[in-house]
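Every number for a ligand or one of its atoms is a count from 1 in the order of the listing.
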Amino acid sequence: MQDHVIDMPLRSVAVVLGTRPEIIKLANVIRVLGSAARVIHTGQHYDFGLSASFLDSFGIGEPSRFLGIGGKTRAQQIGQAVNALSGVFEESPPAVLVVQGDTNTTMAGALAANALEIPLVHVEAGLRSHDRRMPEEHNRVVTDHLGDLLCAPTELNRHNLLSEGIDSSRVLVTGNTVVEAVQQLMPAPAQRAALLGGYGLGPGEFVLSTFHRPENVDDADRFSTIVKQLSSLPYAVVLPLHPRSRDRAARFGLDRDLEAIKVIDPIGYRDFLGLSAESAFLVSDSGGIQEEASIYKRPVVVVRRSTERPEVLGTFARLVEPDHIGATVSSWLADLAGIHHELSELPSPYGDGSASDRIVGALEELVEGG
Ligand code: UDP
């Protein structure tokens, strides 16, 4: 990661974000933009542990606006965010608007930019699960088709965009900004040892798990199977539980089953990275964790029906249904040290930690040329 801050003579760059992964992946774009960045938080994640603590870890400071759209339905979140964002931009139009990923905030930012004819940059463009049951897939497709500069993390993502008829002049392969985020906040080995001590865990002797996707936690049978499979693994399982999942677990009567697992509140990014790097492996339905695992070199059991990140399948990630978690883990146990060694030699497909610099460079060209 380069440590420079550009001095951009722009009116301003509006950076619209609203959830934990957007903060993580836009943090270094905001740092490189320096005083040109105007951060607008939609409030999609309004919980401190999922939002403010992440802004603090990256030193982003208070967003210039906070729109408070959290805790609503998808349609309400998108509608209200478009409405609120257009109010903000009509008052003070930015030179360009940046969104990241595939959330309702991403979609709302893209629609507001389009309606107000503000050039749109999409960070992490071109991911496709080809699974139309996932709202995220629709958010990605709409945002990519509206975007003026599409920052694709990998060649495969670029290929996805071109195969939908998007002109190659709008697409740039940048790598993924998650690499810079991990490089910036991964704790040093001594801090990781202290962190493990605090949780009473030994290195490589536990599994780290997260679950929050509606396809898993809104379905009582799937969620119950996941909890049962996790609790029968031959390792201690640490599960920082997302508020949505905690709510569903209580509603589905899973609290008793969760007693076999070390359930904790969501934790800050530094600690989460430290635990991840020291774990035996991870079990998760997160998108970002699939990428991060390729940087700290741990295998992940991905419990999903589909993935938009096939770059890591067969190496860092295995895609499984809930009832196959235990069997997948069993197949690793004979030689987990060998698997760790093999992964330690594999490069991450997500780039070298310069994505944020590339994105801001291309953004400057977009504004200057426009
Ligand atoms: N994460 C974290 N603390 C936690 C759980 C997850 O910092 O307690 C991080 C994790 O490293 C990853 C991101 O949050 O970068 C994942 O967020 P989420 O699963 O909500 O979103 P997704 O990646 O699926 O879009």
Heavy-atom pairs closer than 4.0 Å: do any link ligand 1 to the side chain of His242, the backbone, both, or neither? neither

So for ligand 1, is Phe54 a polar contact partner (N or O within less than 3.5 Å, distance only)? no

Taking atom 5 (C) of ligand 1 as the reference point, the nearest protein heavy atom with its distance: Arg20 NH1, 3.2 Å

Heavy atoms only: which of Glu22, His212, Glu136 lies closest to atom 18 (P) of ligand 1? His212

Does any donor atom in the side chain of Gln229 or Asp323 lie under 3.5 Å from an acceptor atom in the other side chain? no

Options Pro266, Ser276, Ala181, Pro21, ranked by nearest heavy atom to atom 25 (O) of ligand 1, top entry: Pro21

Got a salt bridge between Glu136 and Arg213, using NZ or NE/NH1/NH2 to carboxylate O under 4.0 Å? yes

Would you check the N or O atoms of His45, main chain and side chain alike, for any that come under 3.5 Å of an N or O of ligand 1? no

Steps toward side chain to side chain donor-acceptor pair (under 3.5 Å) verdict (Lys228, Ser224): CA-CA 6 Å; Lys228 290 202 174 88; Ser224 161; 3.1 Å; yes

With heavy atoms only and a cut-off of under 4.0 Å, state how Thr19 meets ligand 1: side chain, backbone, both or neither. neither

Please verify whether a non-hydrogen atom of Arg213 lies at under 4.0 Å from ligand 1. yes

Nearest non-hydrogen protein atom, atom 23 (O) of ligand 1: Gly288 N, 2.7 Å

Phe272 N/O to ligand 1 N/O under 3.5 Å: no

Numbered atoms of ligand 1 (with element) below 4.0 Å of Ile24, judged on heavy atoms: 13 (C), 14 (O), 15 (O)

The residue among Arg128, Lys25, Arg140 that forms salt bridge (Lys or Arg N to Asp or Glu O under 4.0 Å) with Asp102 is Arg140

Contact check: Ser286 vs ligand 1, nitrogen or oxygen atoms, below 3.5 angstrom: yes

Flag for Asn139-Arg74: side-chain donor and acceptor within less than 3.5 Å: yes

Is it true that the side chains of Ser284 and Thr210 contain a donor and an acceptor less than 3.5 Å apart? yes

Where does Tyr269 meet ligand 1, judged by heavy-atom distances below 4.0 Å: at the side chain, the backbone, both, or neither? both

Quick one, Thr19 with Gln44, criterion side chain to side chain donor-acceptor pair (under 3.5 Å). Give me CA distance, side-chain angles, the key distance, then yes/no. CA-CA 6 Å; Thr19 65; Gln44 186 177 335; 5.7 Å; no

Candidate pair Gln290 and Thr307, rule side chain to side chain donor-acceptor pair (under 3.5 Å), full reasoning: CA-CA 10 Å; Gln290 297 171 56; Thr307 181; 3.0 Å; yes

Around atom NE2 of His324, are there more than 12 heavy atoms of other residues, nucleotides or ligands at under 6.0 Å? no

For atom 22 (P) of ligand 1, the protein heavy atom that lies nearest, with its residue and separation: Gly287 N, 3.6 Å

Near Pro240, which atoms of ligand 1 are under 4.0 Å from a heavy atom of that residue? 8 (O)

For atom 3 (N) of ligand 1, which candidate among Asp285, Ile267, Leu282, Ile289 provides the closest heavy atom? Ile267

Hey, does Glu292 come in under 3.5 Å of ligand 1, counting only N/O atoms on both sides? yes

Measuring from Leu282:CG to Ser279:OG, what's the distance to the nearest 0.5 Å? 4.0 Å

Can you confirm whether the side chains of Glu22 and Thr103 place a donor and an acceptor under 3.5 Å from each other? yes

